[in-house]
Amino acid sequence: MRRRRTRSRHRGYRGWTVGIAILLSVMVIGVGIWGIVRWSQERRIKKPEELLAEYMEYLSTGEYDKMYEMLNLEASDNVDKDTFINRNSAIYEGMEVANLVVEITGYDKKRQAVSYQTSFDTVAGEISFENEAIFLKGEEGYGLIWEDGLILPGLRKTDKVRVSTTQAIRGQILDRNEQVLAGPGIASSVGIVPGKLTDREAAVAEVAALLGMQPEDVEKKLSAKWVKEDYFVPLKTVPKIDEIEWLIPLETDEEIEREKERQEKLLEIPGVLISDTEVRAYPLGEAAAHLVGYVQNVTAEDLEKHTGEGYTANSVIGRNGMEGLFEKELKGQNGCRIYVTDEEGKEVKEWVSVPVQDGQDIKLTIDASLQRALYAQYQADKSCSVAMNPYTGEVLALVSTPSYDNNDFILGLSGEQWTALNEDEAQPLYNRFRQTFCPGSSFKPVTAAVGLTSGAIDPTEDYGKVGLSWQKDSSWGNYYVTTLHTYEPVVLENALIYSDNIYFAKAALKIGAEELEKSLSHLGFGEEIPFEIVMGKSQYANGEHIESEVQLADSGYGQGQILVNPLHLACIYTAFCNEGDMIKPYLVWQQEAKAEDWIAGAFSKDVADKVLEGVKKVVNDSHGTGYGVHRADRVLAGKTGTAEIKLSKEDTEGTELGWFAVFTPEADEERPLLLISMVEDVKGRGGSGYVVDKSQEVLNAWFGE
């Protein structure tokens with residue numbers, strides 16, 4: 001019995017011992033698991049250095065709400081979310097911060113302070129500084145202690161960060177005699193002081209009607225957030241009548257009187273004021289609109305496209321013509337300062353500044369008087385004119401008609417005006433001097449020079465009198481080349497004088513398609529003209545090659561598929577004045593005009609001289625088609641051209657282009673000039689003779705008569 005109890009007592013002791021062991025094991029395991037969990041949580045908590053990098057990344061992407069979520073609010077003076085977001089966004093976006101770079105330079109573990117170096121670009125240049133961010137550890141990890149000095153060191157809650165811009169003065173565009181083609185001027189700004197309106201609805205309706213606006217558009221301007229009762233709210237820019245010469249040129253007395261009457265009626269309305277405003281002015285208006293172009297206020301797309309180039313919401317940008325081509329030089333660089341003022345408005349620190357740089361003036365080779373004279377002659381036509389000095393390459397005029405008034409873009413075009421411009425069948429916005437056209441007989445001197453150079457044309461060979469129509473043989477079917485005059489002998493010089501299509505059709509067949517293509521390619525066909533303005537490329541065929549005998553024959557007298565840009569044709573003509581060298585055209589004025597070859601040796605001197613003698617007689621021989629501009633006081637040379645524009649060979653209703661090229665062929669000429677004009681729709685109006693007569697008036701003005 002005793003022995004049995006002993007065993008039982010021993011068994012109970014062992015069970016107690018095992019239970020204790022199990023309990024201890026569980027406790028150890030529990031402590032271990034708790035330690036692991038705690039260790040894992042510690043591992044998940046981001047370090048202050050990582051948090052600062054994350055904060056700055058949100059800053060660079062403008063995610064101010066996520067920046068706010070990283071703050072220890074209690075330690076950050078309980079700044080509310082809207083205040084935080086408004087303060088940061090106003091300063092960073094006002095400075096136009098970009099390209100933010102942050103480098104962690106140290107960490108004080110005891111103070112939980114992260115030292116860092118930062119730099120970023122602003123509208124006024126780069127800002128760089130050293131700073132410190134302090135974090136506070138809480139139950140859920142570290143939170144940033146935010147204060148204004150994190151934006152800019154030393155910035156206080158009551159301080160303001162200012163961005164001050166000094167607008168650069170846009171450069172002028174001048175002609176060769178420094179006449180203004182584009183420059184500063186004064187217009188009138190019509191506006192309303194809301195507090196002075198007596199019957200707002202009636203006044204708004206009357207003002208809108210006089211200004212060509214909708215009443216709702218006027219109300220929208222008057223209801224803008226910035227408007228106060230005593231503020232002047234500008235509505236529209238109009239011509240300043242007493243300074244017509246400087247700015248918006250009203251062409252006639254009727255226009256001036258009409259504008260005076262309108263402004264007098266506006267001023268009779270209580271609350272309406274008219275004040276001076278500075279604008280861009282184009283004194284030549286329609287006469288040079290395609291050449292000069294215009295400026296407009298920048299758009300959101302412009303600001304995005306030209307990020308970092310100094311444009312602001314108040315900037316203008318050049319559109320078309322010289323305004324667009326020389327935008328970079330003309331616009332200059334705005335001056336800008338970023339500085340801090342205290343609560344009393346006193347400046348306490350300048351962070352960065354860039355001085356204002358006014359835009360450059362651009363002086364052109366253009367002669368404003370010649371530009372005006374050409375426009376005056378052709379303003380009612382669909383035409384283009386190119387004038388240059390054949391010995392230097394200076395381009396003296398570039399005119400496209402009909403035109404538009406680039407001052408209208410400064411005043412602000414209404415929707416109706418814009419629609420009218422775009423839907424006008426005459427296409428006033430279309431720049432014709434940049435295009436290519438069928439040259440007709442104005443191309444014959446080129447064919448002559450190519451034929452003489454290749455040896456295909458013997459200038460003394462008589463091609464024989466064949467009447468007013470001709471075809472090579474019956475393989476041409478019903479197609480004949482026609483001409484207007486018969487004469488004898490049928491040699492090159494006479495063919496130029498009488499502008500004989502048949503002669504030059506035969507000459508082209510003698511030259512051959514392969515040789516003509518090669519020669520025209522050598523003369524710049526298919527290439528861009530080396531010129532400041534991009535011009536259309538001349539061509540000898542719609543495809544790669546001249547495809548048929550008929551096309552080749554037609555090409556000889558400037559028909560077929562020949563298309564030429566008028567400036568390119570002018571450059572080829574310069575070779576006849578310069579012993580065979582084609583002169584490169586240019587538009588930016590040089591102190592000393594120096595000729596530069598585009599194609600040296602385009603023709604030999606002998607070939608150039610032979611063609612020159614022929615085109616002199618076109619003007620000076622009484623039978624010449626250009627005799628209408630013959631002068632007793634100086635020698636001129638030239639060539640007329642009438643190009644038929646047909647939908648097909650059978651088309652009898654096609655229109656005609658009239659051409660005339662005229663130039664001073666002697667190097668000692670005091671007023672050298674090469675003028676080429678093309679006019680559309682001259683059929684029934686005298687053909688090329690219409691252009692000859694117009695050119696005579698321009699030449700009279702040029703030579704001082």
Side-chain angles (χ1 to χ4, degrees), residues 438-516 519-520 540 546-562 607 610-611 613-619 621-627 638-646 648-652 654 656-659 683 686-689:
C438 181
S441 298
S442 65
F443 189 73
K444 289 172 180 174
V446 182
T447 303
V450 168
L452 289 169
T453 300
S454 66
I457 294 178
D458 176 353
T460 63
E461 181 184 355
D462 187 343
Y463 283 14
K465 187 176 180 180
V466 295
L468 299 179
S469 65
W470 170 85
Q471 64 175 191
K472 179 189 173 186
D473 53 42
S474 60
S475 67
W476 286 15
N478 294 325
Y479 184 72
Y480 288 80
V481 176
T482 61
T483 194
L484 295 175
H485 306 283
T486 59
Y487 58 92
E488 289 183 298
V490 184
V491 294
L492 176 60
E493 187 174 279
N494 283 337
L496 287 169
I497 293 170
Y498 289 93
S499 197
D500 182 0
N501 291 344
I502 295 173
Y503 179 94
F504 285 98
K506 292 179 177 180
L509 294 177
K510 286 177 175 287
I511 294 168
E514 184 177 349
E515 179 62 36
L516 184 59
S519 298
L520 294 182
Y540 49 73
I546 296 170
E547 299 291 346
S548 68
E549 266 190 349
V550 168
Q551 183 184 343
L552 174 60
D554 286 344
S555 298
Y557 56 95
Q559 292 277 171
Q561 295 172 10
I562 300 283
V607 165
K610 280 187 171 63
V611 175
E613 287 307 307
V615 292
K616 279 183 182 178
K617 291 189 176 180
V618 169
V619 172
D621 187 299
S622 61
H623 296 101
T625 54
Y627 188 71
K639 185 70 191 76
T640 56
T642 304
E644 294 181 323
I645 308 300
K646 298 181 177 182
S648 66
K649 291 179 181 177
E650 294 75 26
D651 182 7
T652 59
E656 292 179 352
L657 308 181
W659 290 79
K683 189 173 184 179
S688 60

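Just the heavy atoms: all of them, side chains too, but no hydrogens, waters or symmetry mates, feed the values below. It should be emphasised that the depicted structure is a prediction, and the values quoted were computed from it without experimental measurement.
Contact between Gly556 and Ala508 at its shortest, heavy atoms only, is CA-CB, 3.6 Å. Here the closest heavy-atom approach between residue Pro459 and residue Lys610 is recorded as CG-CE, 4.0 Å. Considering every non-hydrogen atom in both Pro445 and Val615, the closest pair reads CG-CG1, 3.8 Å. Closest of all the heavy-atom pairs between Ala643 and Gly440 is CB-N, 3.7 Å. The minimum heavy-atom distance between Gly614 and Leu496, with the atom names listed, is CA-CD1, 3.9 Å.
Below 30°, between 30° and 60°, or above 60°: for Tyr498 and Tyr487 the angle between ring planes is below 30°, a parallel geometry.
To the nearest 0.5 Å, the span separating OG on Ser555 from CG on Leu520 amounts to 8.5 Å. Note that the SG atom of Cys438 and the CD1 atom of Ile645 stand 4.5 Å from one another [nearest 0.5 Å].
Proximity of Ile511 to Phe504: side-chain heavy atoms (C-beta onward) are nowhere separated by under 4.5 Å. The shortest side-chain heavy-atom distance between Ile502 and Val490 does not fall under the 4.5 Å cut-off. Tyr540 is not listed as a side-chain neighbour of Leu552, based on a closest heavy-atom distance of 4.5 Å or more. Considering only heavy atoms from C-beta on, Leu452 comes within 4.5 Å of Ile457 through its side chain.
For Tyr503, the ring-ring contact (aromatic ring centres under 6.0 Å, His included) test picks out Tyr463, with sequence neighbours left out. Residues passing the side chain to side chain contact (heavy atoms under 4.5 Å, CB included) test with Ser441, sequence neighbours excluded: Lys444, Ser499, Asn501, Lys639. Residues passing the ring-ring contact (aromatic ring centres under 6.0 Å, His included) test with Tyr480: none are found, sequence neighbours excluded. For Tyr627, the side chain to side chain contact (heavy atoms under 4.5 Å, CB included) test picks out Ser622, His630, with sequence neighbours left out. With sequence neighbours excluded, the residues that form a side chain to side chain contact (heavy atoms under 4.5 Å, CB included) with Gln561 are Gln539, Ala541, Asn542, Gln551. Evaluation of the side chain to side chain contact (heavy atoms under 4.5 Å, CB included) rule for Thr486 yields Lys465, Leu468 as partners, not counting sequence neighbours. For Glu613, the salt bridge (charged side-chain N to carboxylate O under 4.0 Å, His left out) test picks out Lys616, with sequence neighbours left out. Shown here are the side chain to side chain donor-acceptor pair (under 3.5 Å) partners of Asp621, two or more places apart in sequence or in another chain: His623.
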If you apply the rule side chain to side chain contact (heavy atoms under 4.5 Å, CB included), what do you find for Tyr557 with Val481, and how did you get there?
CA-CA 10 Å; Tyr557 56 95; Val481 176; 3.8 Å; yes

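For residues 472-500, every residue pair satisfying the salt bridge (charged side-chain N to carboxylate O under 4.0 Å, His left out) rule, not counting sequence neighbours, is listed here: Lys472-Glu549, Glu493-Lys617. Within the structure, salt bridge (charged side-chain N to carboxylate O under 4.0 Å, His left out) pairs that include any residue of residues 448-464 comprise Glu461-Lys510 (at least two apart or interchain). Sorted pairs that involve residues 476-485 and meet salt bridge (charged side-chain N to carboxylate O under 4.0 Å, His left out), not counting sequence neighbours, are lacking altogether.
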